[in-house]
*Asks:* 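My structure is below; once you've seen it, I'll send some questions.
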Amino acid sequence: MKLFLDSANLQDVENALVRGHISGITTNPSLLAKEPKSNFYEHIKKIVALIQADGRSLPLSVEVFATKPDEMIAQAQDIVQKIAYPGLNIKVPIGWDELKVIYALSKLGIKVNCTCIFTEEQCVLAAESGATYVSIFHCRLKDLGGDPVRVIENTRNLLDLRSHKSEIIVGSIRMQSDVLEAHLAGAHIVTASAKVLQQMSSHPGTDKSVQGFLSDFQTWLA
Ligand code: E4P
């Protein structure tokens with residue numbers, strides 16, 4: 001059960017790294033667009049600097065924003081070369097032509113996180129083409145009336161049958177219950193926002209218990 005932070009926000013990254021609960025970071029163009037406008041590569045390098053300061057070579061997913069396969073391949077190589085971080089993996093959306101990109105990048109030794117996935121079939125195609133991660137969009141699939149638990153379960157069974165090294169990342173997480181649901185369904189990794197990850201740490205019963213212990217102890221000390 002691994003947790004990744006789904007954010008491009010530098011404060012989110014810093015707050016997560018200092019607590020040690022994340023095993024990676026995923027970004028996407030929309031998450032980057034939420035940040036103050038700056039140079040794309042400079043912003044990614046700032047995230048890498050925070051990861052390196054923490055001392056672990058955590059995987060970091062950065063998505064291509066080119067749309068034509070040849071341009072995607074060139075852009076991915078450009079990102080890898082300019083960012084120069086061993087933990088970097090390139091996010092490529094699933095698609096018929098995008099399979100050429102996934103296969104080409106995997107042959108170049110560039111790790112791919114195949115994203116925007118909604119079905120088992122898309123996962124299998126991406127994994128067979130060499131993707132390191134296959135990213136299923138949990139809540140977006142639910143929004144469309146789909147059953148992400150079934151897709152995750154089936155995908156995990158299919159990957160295990162072939163002893164695939166590809167790992168299932170489940171994203172598009174909105175509540176802490178989605179995290180548990182995805183992990184119990186067989187996700188290797190769940191990537192969630194800083195807000196959801198923080199919510200996972202709290203419960204009213206915890207607060208009440210801590211207050212009670214402290215109060216009792218203060219009474220005893222008095
Ligand atoms: C994974 O990294 C996805 O890009 C991300 O979780 C999508 O989440 P959203 O459905 O909230 O945009």
Side-chain angles (χ1 to χ4, degrees), residues 1-10 12-13 15-17 21-35 40 43-44 47-48 50-51 58-67 72 75-76 79 83 85 87-95 98 101-102 105 110-120 122-123 125-127 131-149 151-152 155-156 159 166-183 185-200:
M1 168 173 171
K2 287 186 278 187
L3 294 167
F4 280 16
L5 172 66
D6 201 20
S7 177
N9 178 276
L10 299 178
D12 286 350
V13 170
N15 289 342
L17 290 172
H21 59 290
I22 62 168
S23 302
I25 297 168
T26 52
T27 69
N28 66 41
S30 296
L31 290 171
L32 276 159
K34 287 178 179 176
E35 300 311 307
F40 167 75
H43 189 89
I44 300 299
I47 295 175
V48 169
L50 290 171
I51 296 173
L58 297 181
L60 169 64
S61 291
V62 176
E63 190 158 344
V64 289
F65 44 90
T67 53
M72 284 179 168
Q75 188 172 73
I79 292 170
I83 301 301
Y85 172 58
L88 187 71
N89 59 83
I90 299 296
K91 264 189 171 182
V92 177
I94 184 64
E98 287 75 5
V101 180
I102 295 166
L105 294 180
I110 295 173
K111 290 189 174 178
V112 174
N113 176 353
C114 183
T115 189
C116 302
I117 288 180
F118 289 76
T119 67
E120 299 92 326
Q122 288 176 323
C123 283
L125 284 171
T132 300
Y133 303 108
V134 290
S135 287
I136 298 170
F137 278 26
H138 197 87
C139 287
R140 289 194 190 209
L141 178 52
K142 266 186 190 173
D143 292 346
L144 297 171
D147 178 358
V149 169
V151 173
I152 298 165
T155 299
R156 181 65 187 261
L159 294 182
S166 305
E167 291 189 288
I168 300 167
I169 296 179
V170 176
S172 190
I173 294 290
R174 295 178 190 150
M175 299 187 293
Q176 58 181 333
S177 56
D178 298 328
V179 178
L180 189 61
E181 189 174 67
H183 269 132
H188 297 94
I189 300 159
V190 176
T191 192
S193 66
K195 182 181 173 196
V196 168
L197 294 176
Q198 181 172 352
Q199 285 169 348
M200 288 171 64

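Indexing begins at 1, ligand by ligand and atom by atom, following the structure's order. Because the structure is predicted, anything quoted here is derived from the model rather than measured.
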*Asks:* So does K142 have more than 12 non-hydrogen atoms from other groups sitting under 6.0 Å from NZ?
*Replies:* yes
*Asks:* For the residue pair D6 and S193, confirm or rule out a side-chain donor-acceptor distance under 3.5 Å.
*Replies:* no
*Asks:* Does any part of the side chain of H183, heavy atoms only, come nearer than 4.5 Å to the side chain of V170, both counted from C-beta?
*Replies:* no
*Asks:* Does a sphere of radius 6.0 Å around CD in Q199 hold more than 12 heavy atoms from other residues, nucleotides or ligands, not counting ones at 6.0 Å or beyond?
*Replies:* yes
*Asks:* Flag the pair D143 and R174 as a salt bridge only when some basic side-chain nitrogen lies within less than 4.0 angstrom of an acidic carboxylate oxygen.
*Replies:* yes
*Asks:* Could you pull out the N/O contacts under 3.5 angstrom between ligand 1 and the surrounding protein atoms?
*Replies:*
{"unit_1": "ligand 1", "atom_1": "2 (O)", "unit_2": "D6", "atom_2": "OD1", "d": "3.0"}
{"unit_1": "ligand 1", "atom_1": "2 (O)", "unit_2": "K91", "atom_2": "NZ", "d": "2.7"}
{"unit_1": "ligand 1", "atom_1": "4 (O)", "unit_2": "N28", "atom_2": "ND2", "d": "2.8"}
{"unit_1": "ligand 1", "atom_1": "4 (O)", "unit_2": "K91", "atom_2": "NZ", "d": "3.1"}
{"unit_1": "ligand 1", "atom_1": "6 (O)", "unit_2": "D6", "atom_2": "OD2", "d": "2.5"}
{"unit_1": "ligand 1", "atom_1": "6 (O)", "unit_2": "S172", "atom_2": "N", "d": "2.8"}
{"unit_1": "ligand 1", "atom_1": "10 (O)", "unit_2": "R140", "atom_2": "NE", "d": "2.7"}
{"unit_1": "ligand 1", "atom_1": "10 (O)", "unit_2": "S172", "atom_2": "OG", "d": "2.8"}
{"unit_1": "ligand 1", "atom_1": "12 (O)", "unit_2": "R140", "atom_2": "NH2", "d": "2.7"}

*Asks:* Enter the distance from T119:OG1 to L125:CG here, rounded to the nearest 0.5 Å.
*Replies:* 8.0 Å
